[in-house]
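Reading through the structure tokens given below for one structure.
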Amino acid sequence: MSHMFKTTYLRLFTASCVICLIATPNLFAQSAPAQASDVVRLPPITVNVYKEADDAQTLPVSVTAVPERILSASGAEIVSDAAILAPNTFFSEFSARKLSNARFRGIGASPANPGITTYIDNVPQLNSNSSSIGLVDIDQVEFVRGAQSALYGRNTVGGVVSVTSRKPSLSKWSGGISVPMANNSEWNAQAHAAGPLGDRLGVGFTIGKGKRDGFTTNDATGNDLDYRDATYGKAQVLWTPSDWELRLVVTGERARDGDYSLGDIGALRQNPFHVSRDFEGYTNRDIFSTAIQTRHDGSQFSFSTTTGFVKWKTRDVTDLDYTPQSLITRDNSEKDFQFTQEVRFASAPGAPIRLGDTATLRWQAGALLFTQNYDQDATLNLIPLQTNLHSPQAALDDLGIGVYGQATTAFTDKFDVTFGARVDHESKDADL
């Protein structure tokens with residue numbers, strides 16, 4: 001993981017320079033003294049913590065929203081990169097982007113049973129192996145700290161990461177090509193275009209490829225281990241017939257990363273970014289996902305649905321003894337297919353139910369159905385014994401449904417009460 005610090009310092013320095021230039025445009029200009037009556041108001045930050053657009057300052061939750069302009073200025077390329085912009089968030093990840101597990105306030109879990117769930121365009125990632133993908137056409141990333149189980153289920157005891165794609169414009173076309181470059185031969189070429197095909201139809205397309213050399217050198221061969229190479233793309237369709245909104249988001253990513261930069265901790269402290277092993281592996285990950293969203297806003301209530309398909313597979317091959325000796329190697333293959341369907345009703349935006357002269361009620365209720373089919377086959381090659389062991393060789397079929405509801409009663413502008421409940425039923429069939 002030591003390679004992350006070099007990139008982090010570079011991006012922090014770049015972001016700091018940008019912030020300084022923006023914050024002090026008149027550094028050398030004469031300025032009038034500030035008046036006591038001068039008031040500086042920042043624009044409101046809109047978040048979707050409660051699955052509806054809200055002002056972040058009015059919600060009783062700890063949330064940090066990172067908009068697209070900040071993501072671009074910071075140099076963040078994948079979801080875990082953005083965590084440095086939010087307090088009390090940390091991603092414990094190996095040098096390959098496949099293993100990236102979120103930890104909020106010290107709470108985390110394994111990939112197959114995460115304590116923090118990532119939602120990408122309202123589609124939950126039931127396994128964290130598919131969560132830290134490239135930030136392509138992203139409008140905002142939200143880090144919600146603290147248990148959110150009433151609305152999102154049991155795998156959000158630590159919080160939620162919500163990634164939202166930017167909608168195509170229905171008024172004008174835009175596009176461009178960017179090729180940012182950095183040290184370690186890093187570059188990321190991206191081309192995008194989005195715009196209207198009519199008054200109510202918009203489309204957007206993005207393709208890109210990025211790669212960099214590794215930060216860690218294998219002294220046994222002289223090669224770098226933890227390189228990264230990825231090809232990705234996203235396509236969107238937005239249709240707004242009458243008072244409905246329909247949206248299709250298709251995302252694909254093909255990552256071909258290097259080996260894990262693991263080694264003896266004592267040796268790494270004496271010689272950072274250097275390991276010595278006889279076997280060099282790799283980490284491959286392929287992800288294809290589709291999100292279909294519909295929404296209807298009426299005078300009394302709103303109705304929305306989200307249909308999600310996520311299919312991914314990975315293969316990581318590595319030296320398991322991390323020495324120049326030929327002892328143990330590991331070949332691990334995983335694949336997963338998940339389907340989710342959420343249906344939700346809520347009070348109409350800006351039209352809560354009046355309970356009196358000052359009290360109002362906002363409500364929502366919904367249901368989530370999901371299925372998951374997961375397979376893993378990890379082979380340990382015991383070289384001196386010329387023996388292969390499958391550990392583990394497993395399959396998991398998962399079916400679940402959850403029903404939830406939440407209501408917020410506002411008594412005054414400064415006092416409200418939110419309460420909610422959720423009931424889940426899940427059936428798992430595992431073969432180990």
Side-chain angles (χ1 to χ4, degrees), residues 47-54 59 61 63 113-114 116-128 130-131 133 139-142 144 147-157 159-165 167 236-240 243-251 287-298 301-312 336-349 362-374 397-408 418 420-428:
V47 295
N48 293 277
V49 176
Y50 288 163
K51 303 192 177 187
E52 291 285 334
D54 289 294
L59 299 178
V61 292
V63 55
N113 193 28
I116 294 97
T117 296
T118 298
Y119 279 70
I120 301 177
D121 293 319
N122 294 332
V123 176
Q125 306 302 301
L126 303 180
N127 190 301
S128 64
S130 63
S131 62
I133 65 172
D139 181 61
Q140 188 163 271
V141 179
E142 299 172 16
V144 188
Q148 306 297 322
S149 302
L151 286 182
Y152 296 97
R154 63 173 172 79
N155 285 110
T156 57
V157 66
V160 172
V161 181
S162 178
V163 183
T164 306
S165 297
K167 293 181 180 180
Q236 295 192 65
V237 178
L238 176 64
W239 185 34
T240 59
D243 51 0
W244 282 82
E245 179 180 284
L246 290 82
R247 189 179 180 196
L248 171 67
V249 184
V250 179
T251 305
I287 301 176
F288 183 81
S289 63
T290 302
I292 305 171
Q293 301 175 358
T294 67
R295 183 179 177 92
H296 169 72
D297 288 322
F301 66 90
S302 64
F303 170 76
S304 61
T305 68
T306 301
T307 306
F309 301 91
V310 180
K311 183 178 182 180
W312 60 266
D336 184 272
F337 175 78
Q338 70 167 66
F339 165 76
T340 56
Q341 177 65 63
E342 184 173 15
V343 179
R344 192 173 67 90
F345 292 88
S347 54
R362 296 171 54 196
W363 60 271
Q364 63 173 299
L368 172 68
L369 170 71
F370 72 88
T371 64
Q372 181 180 205
N373 304 106
Y374 169 80
D397 294 325
D398 200 357
L399 172 65
I401 185 170
V403 180
Y404 61 87
Q406 180 167 289
T408 299
T418 298
R422 183 184 184 101
V423 177
D424 285 286
H425 175 75
E426 189 170 357
S427 175
K428 291 185 176 183

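All of these numbers come straight from a predicted model, not from anything done at the bench.
Side-chain atoms of D336 and Q338, non-hydrogen and from C-beta on, do get closer than 4.5 Å to each other. Contact check for D121 versus Q236: no side-chain heavy atoms found under the 4.5 Å cut-off. Here the side chains of D297 and D243 are not in contact, with every heavy-atom distance at 4.5 Å or above. Using a 4.5 Å cut-off on side-chain heavy atoms (C-beta onward), Y404 and R344 make contact. Within the 4.5 Å cutoff, the side chain of Y374 has no heavy atoms near those of the L126 side chain. Contact of the Q148 side chain with the V49 side chain is registered, since non-hydrogen atoms from C-beta on lie closer than 4.5 Å. Counting heavy atoms from C-beta outward, E426 and R154 have side chains that approach closer than 4.5 Å. For the pair V144/S162, no side-chain contact is recorded, criterion being any heavy-atom separation below 4.5 Å from C-beta on.
The CG atom of L246 lies 10.0 Å from the CD atom of Q293; values are rounded to the nearest 0.5 Å. Between the OG atom of S131 and the CD1 atom of I116 there is a distance of 10.5 Å, given to the nearest 0.5 Å.
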**Message:** Pair W312, Q125 - check side-chain contact (heavy atoms from CB on, under 4.5 Å), show working.
**Reply:** CA-CA 11 Å; W312 60 266; Q125 306 302 301; 5.9 Å; no

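Partner of Y119 under the side-chain contact (heavy atoms from CB on, under 4.5 Å) criterion, out of V163, N48, T306, V160: V160 alone. Between H296 and the choices F303, F345, W244, F301, the ring-ring contact (aromatic ring centres under 6.0 Å, His included) rule is met once, by W244.
Between D424 and G402, the shortest heavy-atom distance links the atoms OD1-CA, 3.2 Å. Here the closest heavy-atom approach between residue R362 and residue D54 is recorded as NH2-OD1, 2.9 Å. When all heavy atoms are compared, the tightest approach of S165 to R247 is O-NH2, 2.9 Å. Between R422 and L368, the shortest heavy-atom distance links the atoms NH2-CD2, 4.0 Å.
Defined by atom type and a distance below 3.5 Å, a donor-acceptor pair is missing between the side-chain atoms of T117 and T156. Side-chain polar atoms of T307 and Q341 form a donor-acceptor pair below 3.5 angstrom.
With respect to E52 and R295, a salt bridge is recorded, a charged nitrogen being found less than 4.0 Å from a carboxylate O.
Applying the side chain to side chain contact (heavy atoms under 4.5 Å, CB included) test to T371 and every residue at least two apart in sequence or in another chain returns F339, L399. A search for ring-ring contact (aromatic ring centres under 6.0 Å, His included) contacts involving W363 returns nothing, not counting sequence neighbours.
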